[in-house]
Amino acid sequence: METATPTNFLQNIIRQDLDSGRVREVVTRFPPEPNGYLHVGHAKSISVNFGLAESFGGRCNLRFDDTNPEKESQEYIESIIADIEWLGYRWDGEVRYASSYFQQLYDWAVHLVKEGNAYVDDLSADEARALRGTLTEPGVNSPHRERSPAENLDLLERMKSGEFDEGSRVLRAKIDMASPNMNMRDPILYRIRKVPHHQTGDDWVIYPTYDFAHGQEDAIEGITHSICTLEFEDHRPLYDWFIEHLPVPHKPRQYEFGRLNPSYTVTSKRKLRHLVESGVVSGWDDPRMPTLSGMRRRGYTPAAIRRFCEMIGTTRKDGVVDVAMLEFAVREDLNENARRGMCVLDPLRVVLTDVPEDHLETLSAPGHPNRDDLGERELPFTRELYIDADDFREEANKKYKRLVLGKRVRLRNAYVIEADEVVKDTAGNIVEVRAHVVPNTLGENPEDGVKPKGVIQWVSASHGRTAQVRLYDRLFSHEAPDKGDNDYLDHLNPESLAVIDNAWVEPALAAAAPEASFQFEREGYFVADRHDHSPERPVFNKTIGLRDSWNEGAA
RNA sequence: UGGGGUGUCGCCAAGCGGCAAGGCACCGGGUUUUGAUCCCGGCAUUCGCAGGUUCGAAUCCUGCCACCCCAGCCA
């Protein structure tokens, strides 16, 4: 029997709306402001909005909420579009812009003015703040609150025509300065900003605020369920007030869900920007960043991110989600779909003394242990090989299942070998292991019955390729780097990046396409860097390690 | 000290008056040419706390407590 997929509160609401006939179809929207790069938190919102539309056979729009030209740019628009496409979602129709509704929004502002529901205020920002009251004290009416509709209309038109300076006047809704909800204390609808807009150029010098724009944008587009995060909950009465007082073509409703806060990271735009600008990371797409472009470069897959968003559910509760869940989703997808390969991160030379100098044997290994469709790869087997320095010890207890002097180990996809001798430099460091091949052990156990205890990866010293491997770890060493009194910069993990320039990989890996993911057996999942990798100079980023139940301390 | 929210296992999360799903993490055991995967088993007598209603409550009522959001001409 199938495990019943639990429904979340939004699905329940939509189901009811559909059943009751309140709406005929579901129309949602993902409305980013183009003022930064998308991060894992946006992935949740994208998943919720696109996912809901998809599961109910509806539509989801992509709309840039570009009402504040000062912070926005075309660069962000492009990165956001690329990220959403990468995640695999497809929006309905063309990309939309709040800015293309500016005239309609202005007409509606005029409507409010004519109805006596909005007025032009001459107060400065400081003066307005002083009269707004506090959380516990009511505000005081502006002295300009009772201007006539005619006077307000005249003033509004002059604001629009550019007659007034920035900050000298605003248009406000006439609601209630004593409301316990701060958003209802005569909120600002328009402010003067004499800066060019990335979409409308110099057409406008007044711009609508989020509150005056968002609900009406939803109304214009026929959005049925306008889904946002919890901090907008207090704005809903205002959202509804505009819909009530304006001749809008449609009445959308707003619903809120709890933001996603993964552990061991920060998602505030300001903090992410600081990490980039201060050089803590290499850019917005640094593999340690929680941005979609960062996760992409890290090797996280769209499927894994989508799966993660489904796993954590959608509720009205704010909480911290253990990144281990994201990492699980990544491993789950990669384990299933990534080809296998062998990579030696810390090379230790092994000379097989019974193999001739010019011996070259081409072994074959499966691309994936249980997926024939992923093909095979060729492994050159030669007299000199590299194994990982961690996989050899002169002596060890029985828990150590790798190569030990005088003992045997299986070379993955190849023969069993037995270590005979250790070569050290003058400082006493092990520089080479001399061993011999146990006969007839390709795909077979040793005929003498002495089975190797473990299996290790290896690469031909003469036919393998060197590669740069970047080992990434969590950027922060604290579960909640910016919670409470924490200064997130105090919790940066100093070991979040280690670069290995002389790793050895099997030849097939050098030919990998950029962004191809692999499991380097016994090491973890790695991705060919989308920018720096080339067959001539292989570069791999560590996506995530394998789950590891080996307790090193015990050995 | 105003208003709006949220409190179910370490984390996420079902549950909507009939006697606590599931996932992550963790801990055992089995299989294994990856100490991976896979498989099997364990993991809340209890649902923020205290009362009350009821044959019966995590689910209803009352009162507390904790945490989050709101005083941008940001979104």
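Every value quoted in this text rests on a predicted model; they were computed, and no experiment measured them. Order of the sequence lines sets the chain letters (A, B, ...), proteins ahead of strands, with each chain counted from 1.
- Relative orientation of the A:Y76 and A:Y37 rings is perpendicular, given thresholds of 30° and 60° on the angle between their planes.
- Nucleotides B:U59 and B:A20 place their C1' atoms 11 Å apart, quoted to the nearest Å.
- Under 3.5 Å, the side chain of A:E336 and the base of B:U37 form no donor-acceptor pair of N or O atoms.
- Checking B:G35, B:A75, B:C73 against every side-chain atom of A:R132, the shortest atom distance belongs to B:C73.
- The side chain of A:N68 has B:C74 as its nearest neighbour among B:G2, B:C74, B:G35.
- With rounding to whole Å, A:F232 atom CZ is found 9 Å from B:A75 atom P.
- Under the 3.5 Å distance criterion, with hydrogens and angles disregarded, no donor-acceptor pair is assigned to the side chains of A:Q254 and A:E233.
- Comparing B:C24, B:U34, B:C12 against the side chain of A:M311 picks out B:C24 as the nearest.
- In this model, a donor atom of one side chain and an acceptor atom of the other lie less than 3.5 Å apart for A:R371 and A:N337.
- Across all strands shown, A:T315 has heavy atoms under 4.0 Å from sugar-phosphate atoms exclusively, and none from any base.
- For the pair A:R193 and A:Y207, the cation-pi criterion (under 6.0 Å, within 45° of the ring axis) is not fulfilled.
- At the heavy-atom level, A:H235 lies under 4.0 Å from base atoms of the strands shown.
- Listed nucleotides: B:C70, B:C68, B:A13. Nearest to the side chain of A:D318: B:C68.
- Of the C1' atoms belonging to B:C12 and B:A75, the separation is 27 Å, rounded to the nearest Å.
- Checking B:A75, B:G3, B:G35 against the side-chain heavy atoms of A:R191 singles out B:A75 as nearest.
- Nearest nucleotide to the A:R316 side chain, out of B:G35, B:G5, B:A75: B:G5.
- Residue A:W550 places its side chain closer to B:G35 than to any other of B:C73, B:G35, B:C12.
- Distance CZ/A:R377 to NE2/A:H368: 11.0 Å, rounded to 0.5 Å.
- Between the side chains of A:Y525 and A:Q519, a donor-acceptor pair is found at a separation under 3.5 Å.
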What string of B, S and - do you get for nucleotides 25-32 of chain B, 5' to 3', when a contact is any protein heavy atom under 4.0 Å? SS------

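- OP1 or OP2 of B:U34 has not a single side-chain nitrogen or oxygen of A:R339 nearer than 4.0 Å.
- On the C1' atoms, B:A44 is 15 Å away from B:C26, given to the nearest whole Å.
- Counting distance only, with no hydrogens placed and no angle test, the side-chain atoms of A:R402 and the base atoms of B:G35 include a donor-acceptor pair under 3.5 Å.
- OP1 or OP2 of B:A13 lies within a sub-4.0 Å distance of a side-chain N or O belonging to A:K317.
- Sequence order on RNA chain B of the closest nucleotides to A:R340 and A:T136 puts A:T136 first from the 5' end.
- Along RNA chain B, the nucleotide nearest to A:G454 and the one nearest to A:E166 differ in position, and the one closer to the 5' end is contacted by A:G454.
- Between A:F381 and A:W458, the angle of the ring planes goes over 60°, which puts this pair in the perpendicular group of the 30/60° scheme.
- Listed candidates were B:C69, B:A71, B:C12. Nearest to the side chain of A:D234 is B:C69.
- Within the nucleic acid shown, A:E327 has no heavy atom closer than 4.0 Å to any nucleic acid atom.
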